[in-house]
Amino acid sequence: MAENLSDLEKIRLGKLKRLKEQGVEPYPIHAEQSTTSQQAIATFEAAEKEGTADKLGEVTLAGRIRGLRPMGKLIFAHIEDRNGRIQLFFRVNELGEARMKSLMEDYDLGDFIQASGELMRTRTGEITLLVKDFKMLAKAITPLPAAKDEVVDGELIRHASLTDPETRYRQRYADLAVNADVRTIFRTRAHIIRSLRDFLDSRDFLEVETPVLQPVYGGAAARPFTTHHNQLKQDLYLRISFELYLKRLLVGGLERVYEIGRDFRNEGVSFKHNPEFTMLEFYMAYADADKIMALTEEMVSSVAKQVKGSTVIEFGEHTIDLAPPWKRATLRDALQEATGIDINEHPDAESLASIMQEKGMEAKPGTPRGKLIDGLLSDHLEPILIQPTFLYDYPRDISPLAKSKPDDPQTVERFEGFTAGFELCNAFSELNDPLDQEQRFIEMGRSYENDDELRHPMDEDYLKALRYGMPPAGGFGMGIDRLVMLLTGIRSLREVILFPHLRKTDEDKL
RNA sequence: GGGUGCGUAGCUCAAUGGUAGAGCAGUGGCCUUUUAAGCCAUUGGUUGAGAGUUCGAGCCUCUCCGCACUCACCA
């Protein structure tokens with residue numbers, strides 16, 4: 001290991017050794033933090049108004065050294081804790097020569113430190129801890145990537161920072177340590193998920209957990225990851241959706257259920273696809289697609305209000321208002337407006353493919369009609385749906401788990417919600433007719449004959465469940481990562497996933 | 001998987017085929033209210049890896065690795 005260390009790391013190792021020689025434990029077991037930076041500042045300000053600031057007594061702060069400014073026999077430092085930064089003021093008057101020397105020689109940016117003393121204001125007015133005592137909590141061997149910033153008129157000005165995306169994602173710890181805005185993204189993410197839970201819990205939904213390892217995968221059209229149980233000598237799949245298990249729970253009488261968890265899809269990796277991603281699905285007995293639509297706009301706008309304080313959000317150059325009601329259009333009408341093609345006039349794949357080709361669009365011969373429509377949607381419609389919009393009435397053959405419309409068996413009661421040019425959610429009236437469902441599985445198998453992994457195995461147990469009777473229900477699915485992108489205004493999925501998947505490097509292979 | 005671009009000090013970036021540099025960080029020194037502290041001095045490089053062309057390669061060619069963008073794939 002030692003040969004791989006940079007010069008900077010060797011110097012810090014030397015400091016570590018020196019601390020130990022002086023009898024200082026650089027990684028002590030016990031630490032103390034009586035308050036945080038921002039609480040301390042708020043308390044001091046309040047006391048100042050009361051005129052009691054000098055009677056506050058001592059506080060103990062802990063955090064990571066982010067700024068260090070020795071000035072003769074003074075040292076100013078900033079430490080950062082979970083809710084912000086505060087300045088520390090070290091002076092020989094309080095600490096004596098020896099401790100000042102130790103601080104000067106052996107403490108670096110990035111070290112964790114504990115400091116206690118009384119709060120005061122410096123000559124420039126900054127609320128600061130005048131340190132009476134301090135100790136090392138954890139010595140950093142590797143220096144943090146240089147990050148210098150200042151706050152001018154409330155705005156953060158960056159003078160140096162870690163920006164290389166590869167380093168940021170591979171060493172997310174370093175990214176988080178030096179980029180406060182990255183930490184903010186993940187606080188927002190947690191807040192969003194909490195708000196979703198609050199919303200559903202308050203409507204009497206039960207949060208459940210269903211298997212990640214599944215003997216039969218289903219509920220979506222995607223390639224799965226395969227794994228193996230050694231003792232059982234059984235292949236298992238990582239789930240590609242929760243749908244079929246959650247609907248088994250409807251059969252069991254749990255009328256309103258939801259799950260927030262990870263899906264795994266063995267597909268391309270890009271700025272909007274990660275092999276594992278977080279999904280929310282809920283199922284509601286005695287609801288249908290229409291009711292779910294109303295609930296969706298209520299839920300998303302409620303989360304936006306809780307997290308952002310408003311239903312109006314900025315996303316790139318767009319200002320988006322998530323307040324209900326969202327725009328509604330049939331898939332047919334919206335496609336006609338966007339492309340000039342009326343899909344009802346082209347009831348078979350051949351006819352639809354030929355009109356698409358006439359208009360210079362790509363349409364591979366042999367593609368099923370549903371897939372062609374799906375292609376039209378994602379290429380020509382999705383990118384222009386900026387304000388929140390529900391498209392409804394989807395073709396049956398790309399919706400094998402949705403119930404047909406009573407008056408139109410080729411169309412199902414399904415909708416998708418779009419905003420900011422991407423798909424946010426997908427929902428439908430759940431197919432609860434076991435015989436129809438079996439027929440759909442068979443049809444779907446046929447249309448994927450050329451691709452074994454996309455041709456889902458028949459889920460016999462799911463059909464068995466349906467035969468016990470499943471109440472009519474509305475179901476809903478939404479990618480949480482996309483919702484986080486929307487509400488944080490970030491365009492890359494990787495920015496909202498703590499540890500996005502990256503290819504392994506030579507270093508990893510060793 | 002295809003195409004395009006990128007990879008230089010711990011970080012952010014320079015460098016016509018001709019001695020690899022700057023700022024920040026680091027190290028040494030001065031400084032008792034600084035805050036991107038300042039001033040003086042100074043260390044630091046297998047230019048992603050490997051091969052080739054050339055008197056000479058960070059730069060040109062090839063192979064490989066990684067990242068970004070993009071296309072394909074993808075409820």
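Naming: A, B, ... by sequence-line order, numbering from 1 per chain. Quick caveat, the model's predicted, so the values are computed rather than measured.
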Determine the interatomic distance between [atom1] on [N] and the same-named atom on [M]; round to the nearest Å.
{"N": "B/C60", "M": "B/U54", "atom1": "C1'", "answer": "10 Å"}
{"N": "B/G1", "M": "B/U61", "atom1": "P", "answer": "24 Å"}
{"N": "B/A51", "M": "B/G56", "atom1": "P", "answer": "15 Å"}
{"N": "B/C74", "M": "B/A15", "atom1": "P", "answer": "43 Å"}
{"N": "B/U46", "M": "B/U8", "atom1": "P", "answer": "12 Å"}
{"N": "B/A14", "M": "B/C59", "atom1": "C1'", "answer": "14 Å"}
{"N": "B/U53", "M": "B/U63", "atom1": "C1'", "answer": "15 Å"}
{"N": "B/U43", "M": "B/A22", "atom1": "C1'", "answer": "15 Å"}

Around atom NZ of A/Lys17, are there more than 12 heavy atoms from other residues, nucleotides or ligands closer than 6.0 Å?
no
Report the distance from atom [atom1] of [X] to atom [atom2] of [N], rounded to the nearest whole Å.
{"X": "A/Glu166", "N": "B/C67", "atom1": "CD", "atom2": "P", "answer": "6 Å"}
{"X": "A/His273", "N": "B/C69", "atom1": "NE2", "atom2": "P", "answer": "13 Å"}
{"X": "A/Glu9", "N": "B/U43", "atom1": "CD", "atom2": "P", "answer": "21 Å"}
{"X": "A/Ile11", "N": "B/G28", "atom1": "CD1", "atom2": "C1'", "answer": "11 Å"}
{"X": "A/Asp111", "N": "B/G26", "atom1": "CG", "atom2": "P", "answer": "11 Å"}
{"X": "A/Leu130", "N": "B/U34", "atom1": "CG", "atom2": "C1'", "answer": "14 Å"}
{"X": "A/Phe418", "N": "B/A75", "atom1": "CZ", "atom2": "P", "answer": "14 Å"}
{"X": "A/Arg69", "N": "B/A25", "atom1": "CZ", "atom2": "P", "answer": "12 Å"}

Do the side chain of A/Asn426 and the base of B/A75 come within less than 3.5 angstrom through a donor-acceptor pair of N or O atoms?
yes
Tell me what [X] touches on the nucleic acid: a base, only sugar-phosphate, or nothing, going by heavy atoms under 4.0 Å.
{"X": "A/Tyr394", "answer": "nothing"}
{"X": "A/Glu243", "answer": "base"}
{"X": "A/Ile75", "answer": "nothing"}
{"X": "A/Leu401", "answer": "base"}
{"X": "A/Gln87", "answer": "base"}
{"X": "A/Arg85", "answer": "nothing"}

Watson-Crick/G-U partner (both atom distances under 3.5 Å) of [N]:
{"N": "B/U61", "answer": "B/A51"}
{"N": "B/A14", "answer": "none"}
{"N": "B/G38", "answer": "B/C30"}
{"N": "B/G1", "answer": "B/C71"}

Check the orientation of A/Phe390 and A/Phe415. Use parallel for under 30°, tilted for 30 to 60°, and perpendicular for over 60°.
perpendicular
What class does the angle between the rings of A/Tyr217 and A/Tyr237 fall in, given that below 30° is parallel, 30 to 60° is tilted and above 60° is perpendicular?
perpendicular
Any A/Arg170 side-chain N or O less than 4.0 Å from OP1/OP2 of B/C67
yes
Does B/G26 have OP1 or OP2 under 4.0 Å away from a side-chain N or O of A/Lys10?
no
Closest to the [X] side chain, choosing from [options]:
{"X": "A/Asn93", "options": "B/A68, B/U34, B/U32", "result": "B/U32"}
{"X": "A/Val92", "options": "B/U33, B/U32, B/A68", "result": "B/U32"}
{"X": "A/Glu416", "options": "B/C73, B/A68, B/A75", "result": "B/A75"}
{"X": "A/Met71", "options": "B/C31, B/A68, B/A25", "result": "B/C31"}

Against A/His78, only a single residue in A/Arg69, A/Arg66, A/Arg64 fulfils side-chain hydrogen bond (donor to acceptor under 3.5 Å, both in side chains); can you say which?
A/Arg69
Does the ring of A/Phe134 carry A/Arg99 above it, NZ/CZ under 6.0 angstrom from centre and within 45° of its axis?
yes
Protein and nucleotides 4-11 of chain B: nitrogen or oxygen contacts under 3.5 angstrom:
from	atom 1	to	atom 2	distance (Å)
B/C11	O2'	A/Ser161	O	2.9

5' precedence on RNA chain B between A/Pro400 and A/Gly67 (nearest-nucleotide basis):
A/Gly67
Which sits closer to the 5' end of RNA chain B, A/Leu109 or A/Ser399, going by the nucleotide each is nearest to?
A/Leu109
Expected output: side-chain A/Ser492 to main-chain A/Arg494 donor-acceptor under 3.5 Å:
yes
So, A/Asp481 side chain and A/Val484 main chain: donor-acceptor pair closer than 3.5 Å or not?
no
Using the test side chain to side chain donor-acceptor pair (under 3.5 Å), find all partners of A/Thr389 that sit at least two apart in sequence or belong to another chain.
none
Student check: side-chain heavy atoms of A/Thr296 and A/Cys425 closer than 4.5 Å
yes
With side-chain hydrogen bond (donor to acceptor under 3.5 Å, both in side chains) as the test, would you mind laying out the steps for A/Thr36 and A/Asp81 before giving the verdict?
CA-CA 7 Å; A/Thr36 67; A/Asp81 62 20; 4.6 Å; no
